[in-house]
A.B. asks: 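This is the structure I want to talk about, given as structure tokens.
Only this structure's heavy atoms are used, side chains among them; waters, hydrogens and symmetry mates stay out. Order of the sequence lines sets the chain letters (A, B, ...), proteins ahead of strands, with each chain counted from 1.
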Amino acid sequence: MEADELLVLVARGDQKAFEDLYALVSGPVFGLVRRVVRDPAQSEEVAQEVLLELWRSAPRFDPGRGSALSWILTLAHRRAVDRVRSARAAGEREQREARRAHHPAFDQVAEEVEAGLEREWVRRCLDRLTALQRQSVTLAYYDGYTYREVAERLALPLGTVKTRMRDGLTRLRECLGGVA
Amino acid sequence: MSVFSRLRQGDLHSLAAPYALDALDPDERRRFERHLAGCDRCAAEVRALSQDAVRLAWTTTSVAPPALRDRVLTAVRNTPQDPAPGQDAARSRAPHLPPHVWGTEPPPARPHAPRLRPLFAPLATATAAAALVVAALFGVQAAQTQDKLDAERAQAREIAHVLAAPDARASSDADTRGRGIGVIASASEGRAVVTLSGLDALPGGRVHQLWLMRPHAHPRSLGLFDGDTPLVASGLDRTATSLAVTVEPDGGSRQPTSQPVVQLALQSVGFGQ
């Protein structure tokens, strides 16, 4: 069964369906959170929050508004970004070391997983963006920087960064075509 | 509209892409979301850009640590689910959405939720933000029926969403008596805008009800027509083969009680696979 069908069952309180849904989405959720948050222990916490939120909010999901996986990954990304920003604000290194003392690092990395076709496709499409488009999009999405921070890091005016982000996403859409 | 507010609108529009990438700071995010709530064009645009952004997650898939599964499943067994929007009595009593849906306040406490490992980020912030994404992008709690204007605005936005889908396709049919049905549908979004034309006026106490026909399944109601207003149907699965309209008693029926007055095959708009 696909995530969309499972989520409908989960919305009715079906715990077995949630286990199946977990099997489908935990990898994408954890991978995305891990990419943004970086710290293994914090990534686990955020992923746990997102997956539990998925259980709680399932009854409110409207399948007409988009795919279940998009919904879940949108939630996961927002949570991951919120976490990485508050961690940065609080002094990243100190926190990471403090946590390492309590939680052994989880050393499984994304590269261990067999690269899917979609992954390769997105990477290729990212390569076709201009350098500024790509950097603007990836610094925001994968590294959790605000567009103001991106502008600072790239020494660009704010308006330029906003435009590069939009153009980057639009070109990505064109490159990926109608693949959902 | 003053020059000042027009400038500000333009400025806010340009935040659609950073918003879709979660690249706004909390203040800007809130301002943009307030703007989004009343800007149909932005909502459609943000939705499209957000779907582009989600594709970036395709490159990051990994394997979750095994211990995470046990913790999550244990928590799930002890965590009540939120009510579905229709059953949310508190919400239907209140004319406005609760503030936390729009990210300005933390959600109500959940006394029964198990204590998770402590978080660095205040949980309330993250939860409010998450609820908001859900509301803004997927309409989970966005059924704002506080008055007719809102309902119409919401419907216009829903129609715009269907029209904006990359795979939106149109089809229509009419019988020899000129009774017609038209549809614009997006198979990827599972949504369709359906219009009727040339139907006989209905006697009092009767309505036109729209049904989704699927193989090996009972017809599923997609809603009731309100006069000649287009009906936005959602949750169409790809196996759907056709739409049918019947005349039913006021309030609609659980299953059709009469022969269809009009019907339309959905194959040409990407369904029936």
A.B. asks: Which heavy-atom pair separates A:Trp55 from B:Thr79 by the least distance, and what is that distance?
C.D. replies: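 Here A:Trp55 and B:Thr79 meet closest at NE1-O, 2.8 Å.
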A.B. asks: To the nearest 0.5 angstrom, please state how far the CZ atom of A:Arg171 sits from the CG atom of B:Asp52.
C.D. replies: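 A:Arg171 CZ to B:Asp52 CG: 13.5 Å, rounded to 0.5 Å.
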A.B. asks: What's the shortest heavy-atom distance between A:Leu169 and B:Ala20, and which atoms?
C.D. replies: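 Result for this residue pair: CD1-CB, 4.4 Å.
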A.B. asks: With a 4.5 angstrom heavy-atom cut-off, could you sort out which part of A:Val10 is near chain B: side chain, backbone, both or neither?
C.D. replies: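 Answer is both: backbone and side chain atoms of A:Val10 are under 4.5 Å from chain B.
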A.B. asks: About how many Å separate CZ of A:Arg166 and NE2 of B:His13, when rounded to the nearest 0.5 Å?
C.D. replies: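 Rounded to the nearest 0.5 Å, the NE2-CZ separation comes out at 9.5 Å.
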A.B. asks: If you measure from CZ on A:Arg123 to CG on B:Leu56, what distance do you get to the nearest 0.5 Å?
C.D. replies: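 Reported value, rounded in 0.5 Å steps: 11.5 Å.
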A.B. asks: Minimum heavy-atom separation for A:Thr146 to B:Asp25, with atom names?
C.D. replies: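 Nearest pair, atom of A:Thr146 first, then B:Asp25: CG2-N, 4.1 Å.
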A.B. asks: Tell me, out of B:Gly190, B:Gly235, B:Pro18, who's got the most heavy-atom pairs with chain A below 4.5 Å.
C.D. replies: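 Heavy-atom pair counts peak at B:Pro18.
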A.B. asks: Under 4.5 Å between any side-chain heavy atoms of B:Leu68 and A:Gln48, yes or no?
C.D. replies: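 When only atoms from C-beta onward are counted, A:Gln48 and B:Leu68 do touch, with a gap below 4.5 Å.
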A.B. asks: Between A:Ala76 and chain B, which part of the residue has a heavy atom less than 4.5 Å away: side chain, backbone, both or neither?
C.D. replies: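 Neither part.
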A.B. asks: Distance check, rounded to the nearest 0.5 Å: B:Asp22 atom CG versus A:Arg79 atom CZ?
C.D. replies: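 Rounded to the nearest 0.5 Å, the CG-CZ separation comes to 12.0 Å.
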A.B. asks: Quick check on B:Ala233 against chain A: is it the side chain, the backbone, both or neither that has a heavy atom closer than 4.5 Å?
C.D. replies: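 It is neither, since no heavy atom gets under 4.5 Å.
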A.B. asks: Working to the nearest 0.5 angstrom, can you tell me the gap between B:Thr60 OG1 and A:Arg34 CZ?
C.D. replies: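 One gets 11.5 Å once the value is rounded to the nearest 0.5 Å.
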A.B. asks: For a 4.5 angstrom cut-off between non-hydrogen side-chain atoms, does A:Tyr142 reach B:Thr59?
C.D. replies: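 Yes, close enough: below the 4.5 Å cut-off.
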A.B. asks: Any side-chain to backbone donor/acceptor pair from B:Trp58 onto A:Val122? Under 3.5 Å, distance only.
C.D. replies: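 It does not hold such a pair.
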A.B. asks: I need the residue from B:Ala16, B:Pro26, B:Ala48 with the largest number of non-hydrogen atom pairs under 4.5 Å to chain A.
C.D. replies: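 Most heavy-atom pairs within the cutoff with chain A belong to B:Ala48.
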A.B. asks: Tell me the closest heavy-atom pair linking A:Arg56 and B:Pro80, and the distance in Å.
C.D. replies: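 Closest pair (atom of A:Arg56, atom of B:Pro80, distance): CG-O, 3.7 Å.
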A.B. asks: If you count the non-hydrogen atoms of other residues, nucleotides and ligands that lie under 6.0 Å from CD in A:Glu2, is the total more than 12?
C.D. replies: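 Atom CD in A:Glu2 is not packed in, count stays at 12 or less.
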A.B. asks: Taking distance alone, no hydrogens or angles, what donor-acceptor pairs closer than 3.5 Å link side-chain atoms of residues 151-164 of chain A to residues at least two apart or in another chain?
C.D. replies:
unit_1, atom_1, unit_2, atom_2, d
A:Arg153, NH1, A:Tyr145, OH, 3.1
A:Lys162, NZ, B:Ser14, OG, 3.0
A:Thr163, OG1, A:Gly159, O, 2.8

A.B. asks: If you count heavy-atom pairs under 4.5 Å between each of A:Val137, A:Thr138, A:Leu69 and chain B, which one has the most?
C.D. replies: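 So the answer, after comparing A:Val137, A:Thr138, A:Leu69, is A:Val137.
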A.B. asks: Do A:Asp4 and B:Arg238 sit within salt-bridge range, that is, some charged N less than 4.0 Å from a carboxylate O?
C.D. replies: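 No.
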A.B. asks: Tell me, do B:Val54 and A:His77 make a side-chain contact under 4.5 Å, heavy atoms counted?
C.D. replies: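 No, side chains not in contact.
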A.B. asks: Please evaluate residues A:Tyr147 and B:Leu21 with respect to the criterion side-chain contact (heavy atoms from CB on, under 4.5 Å), reporting the C-alpha separation (whole Å), side-chain torsions for both, the decisive distance (0.1 Å), and the verdict.
C.D. replies: CA-CA 9 Å; A:Tyr147 78 96; B:Leu21 290 163; over 6 Å; no
A.B. asks: For B:Ser62 and A:Gly31, which heavy atoms make the closest approach, and how far apart are they?
C.D. replies: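 Minimum heavy-atom contact is CB-CA, 3.5 Å.
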A.B. asks: To the nearest 0.5 Å, how far apart are CG in A:Leu51 and CZ in B:Arg71?
C.D. replies: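 Going from the CG atom of A:Leu51 to the CZ atom of B:Arg71 covers 10.5 Å.
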A.B. asks: Against chain B, work out which of A:Leu32, A:Leu54, A:Val81 has the most heavy-atom pairs shorter than 4.5 Å and name it.
C.D. replies: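 The residue among A:Leu32, A:Leu54, A:Val81 with the greatest pair count is A:Leu32.
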A.B. asks: In terms of heavy-atom proximity below 4.5 Å to chain B, should A:Arg35 be classed as side chain, backbone, both, or neither?
C.D. replies: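 Contact with chain B is through the side chain of A:Arg35 alone.
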A.B. asks: Okay, side chain of B:Gln81, backbone of A:Gly13: is any donor-acceptor separation there less than 3.5 Å?
C.D. replies: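 Judged by distance alone, yes, a pair lies under 3.5 Å.
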A.B. asks: Of the non-hydrogen atoms in A:Met165 and B:Ala23, which two are nearest, and what is the gap between them?
C.D. replies: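 The answer is CE-CB, 4.2 Å.
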A.B. asks: Side chain to side chain contact (heavy atoms under 4.5 Å, CB included) with B:Leu73: which residues, sequence neighbours excluded?
C.D. replies: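 Residues passing side chain to side chain contact (heavy atoms under 4.5 Å, CB included) with B:Leu73: A:Phe18, A:Glu19, B:Arg69, B:Arg77.
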A.B. asks: Taking side chain as everything from C-beta outward and backbone as N, CA, C, O, which of these in B:Asp167 sits under 4.5 Å from a heavy atom of chain A? Side chain, backbone, both or neither.
C.D. replies: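 Neither part.
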